[in-house]
Amino acid sequence: MNEIVLRDLGISEGILQHLRVYEPSSPLGFRVQPAQHWRSSPIAQRSIVPLWECGTVLTYFDQSSATYRRCSIEDPKTDWFSYRSFQATLAQLFIELYEDELPDEEMLAIAKKVGFRYAERLIAESAGLNREAYHAWASAFPRTCEA
């Protein structure tokens, strides 16, 4: 992990610390694992900066387009998202933590630690949405955090 490059991309000290001293049982342990397996994937031939993995899923920065992206290392041609900011990438991560039913207080504490500025809004906006409305909201929310 090249911390200088990651810091230049705006990756927060909280995320760097989590990756540096990775603890699988931590609240981020499943979703944010040190990036290691991507090297055996065809994506290793591209100009990327790996951020973290979750099993065979890689979250990375694509240097050619200056965007944060996610894909399966088994099918790196298909990106699952493409955002212009790290805050939007964190928004996607926090939606997943919300869906994992992480308690609100814990989400807010982690958000503070990793520098995610929109956690309170995420919790407020998602509360009480029916299934259909929630899916539409969850698809749109990260882009509202791109500022």
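All values below come from the heavy atoms of this structure, side chains included, with hydrogens, waters and symmetry mates left out.
Here Ile48 contributes atom CD1 and Ile43 contributes atom CD1; the two are 4.0 Å apart, rounded to the nearest 0.5 Å. Here Asp62 contributes atom CG and Arg70 contributes atom CZ; the two are 15.0 Å apart, rounded to the nearest 0.5 Å. Atom CG of residue Leu122 and atom OH of residue Tyr98 lie 7.5 Å apart, to the nearest 0.5 angstrom. Rounding to the nearest 0.5 Å gives a distance of 11.0 Å between CZ of Arg117 and OG of Ser12.
Inspection of the Glu99 and Tyr134 side chains reveals an N or O donor paired with an N or O acceptor under 3.5 Å. When only modelled atom types and interatomic distance are considered, Tyr83 and Glu146 share no side-chain donor-acceptor pair under 3.5 Å. Side-chain contact of Asp79 with Tyr68: a donor-acceptor pair under 3.5 Å is absent, judged by distance alone. One side chain, Ser65 or Arg69, offers a donor N or O that lies under 3.5 Å from an acceptor on the other. A side-chain N or O of Arg121 and one of Thr144 form a donor-acceptor pair less than 3.5 Å apart. Between Ser25 and Glu23, the side chains place a donor N or O and an acceptor N or O closer than 3.5 Å (distance only, hydrogens not considered).
Contact annotation: the side chain of Lys113 never approaches that of Ile15 to less than 4.5 Å [non-hydrogen atoms, C-beta and beyond]. At a threshold of 4.5 Å between non-hydrogen side-chain atoms, the residues Leu9 and Phe86 do not count as touching. Contact annotation: the side chain of Glu3 approaches that of Arg20 to within less than 4.5 Å [non-hydrogen atoms, C-beta and beyond]. Counting heavy atoms from C-beta outward, Ile95 and Pro142 have side chains that approach closer than 4.5 Å. Contact check for Trp137 versus Ser126: side-chain heavy atoms found under the 4.5 Å cut-off. No side-chain heavy atom of Ser41 sits under 4.5 Å from any side-chain heavy atom of Glu74. Looking at Val114 and Leu28, their side chains come closer than 4.5 Å, going by heavy atoms from C-beta outward. Between Leu90 and Gln87 there is a side-chain heavy-atom pair separated by less than 4.5 Å.
Tracing side-chain contacts under 4.5 Å through hydrophobic residues (I, L, V, M, F, W, Y), one never reaches Val32 starting from Tyr22; they form parts of separate clusters. Leu102 and Phe141 end up in the same hydrophobic cluster when Ile, Leu, Val, Met, Phe, Trp and Tyr side chains are linked at under 4.5 Å. If you chain together hydrophobic residues whose side chains sit under 4.5 Å apart, Leu93 and Ile11 fall into the same group. A single hydrophobic cluster is not seen to contain both Ile73 and Phe61; linkage of ILVMFWY side chains at heavy-atom distances under 4.5 Å, directly or through other members, places them apart.
Between Leu97 and Met107 the shortest heavy-atom distance is C-SD, 4.2 Å. Of all non-hydrogen atoms in Gly29 and His18, the two that sit nearest each other are N-CE1, 3.8 Å.
At least one donor-acceptor pair closer than 3.5 Å links the side chain of Thr89 to the backbone N or O of Ser85. Listed for the Gln33 side chain is a donor-acceptor partner under 3.5 Å among the backbone atoms of Phe30. Looking only at distances, a side-chain donor or acceptor of Arg46 sits under 3.5 Å from a matching main-chain atom of Pro76.
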I'd like a table of donor-acceptor pairs (distance under 3.5 Å, sequence neighbours excluded) in which one partner is a side-chain atom from residues 51-58, with atom names and distances.
unit_1: Trp52; atom_1: NE1; unit_2: Thr59; atom_2: OG1; d: 3.3
unit_1: Glu53; atom_1: OE1; unit_2: Gln36; atom_2: N; d: 3.4
unit_1: Glu53; atom_1: OE1; unit_2: His37; atom_2: N; d: 3.2
unit_1: Glu53; atom_1: OE2; unit_2: Gln36; atom_2: N; d: 3.0
unit_1: Glu53; atom_1: OE2; unit_2: His37; atom_2: N; d: 2.8
unit_1: Glu53; atom_1: OE2; unit_2: Trp38; atom_2: N; d: 2.8

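Taking the six-membered ring for Trp and the full ring otherwise, Phe116 and Phe94 have centroids separated by under 6.0 Å.
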*Are Asp75 and Lys77 close enough, and set up right, to give a side chain to side chain contact (heavy atoms under 4.5 Å, CB included), and what steps lead you there?*
CA-CA 6 Å; Asp75 181 18; Lys77 293 179 183 175; 4.0 Å; yes
_Trace of the side chain to side chain contact (heavy atoms under 4.5 Å, CB included) decision for Glu13 with Arg7_ = CA-CA 8 Å; Glu13 184 57 36; Arg7 277 194 186 93; 2.9 Å; yes
*asked:* What verdict does the side chain to side chain contact (heavy atoms under 4.5 Å, CB included) test give for Val49 and Tyr60, after you've listed the backbone C-alpha separation in whole Å, the side-chain angles of each residue and the deciding distance to 0.1 Å?
replied: CA-CA 6 Å; Val49 177; Tyr60 66 99; over 6 Å; no
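The number of heavy-atom neighbours closer than 6.0 Å to CD of Glu120, taken from other residues, nucleotides and ligands shown, is 12 or below.
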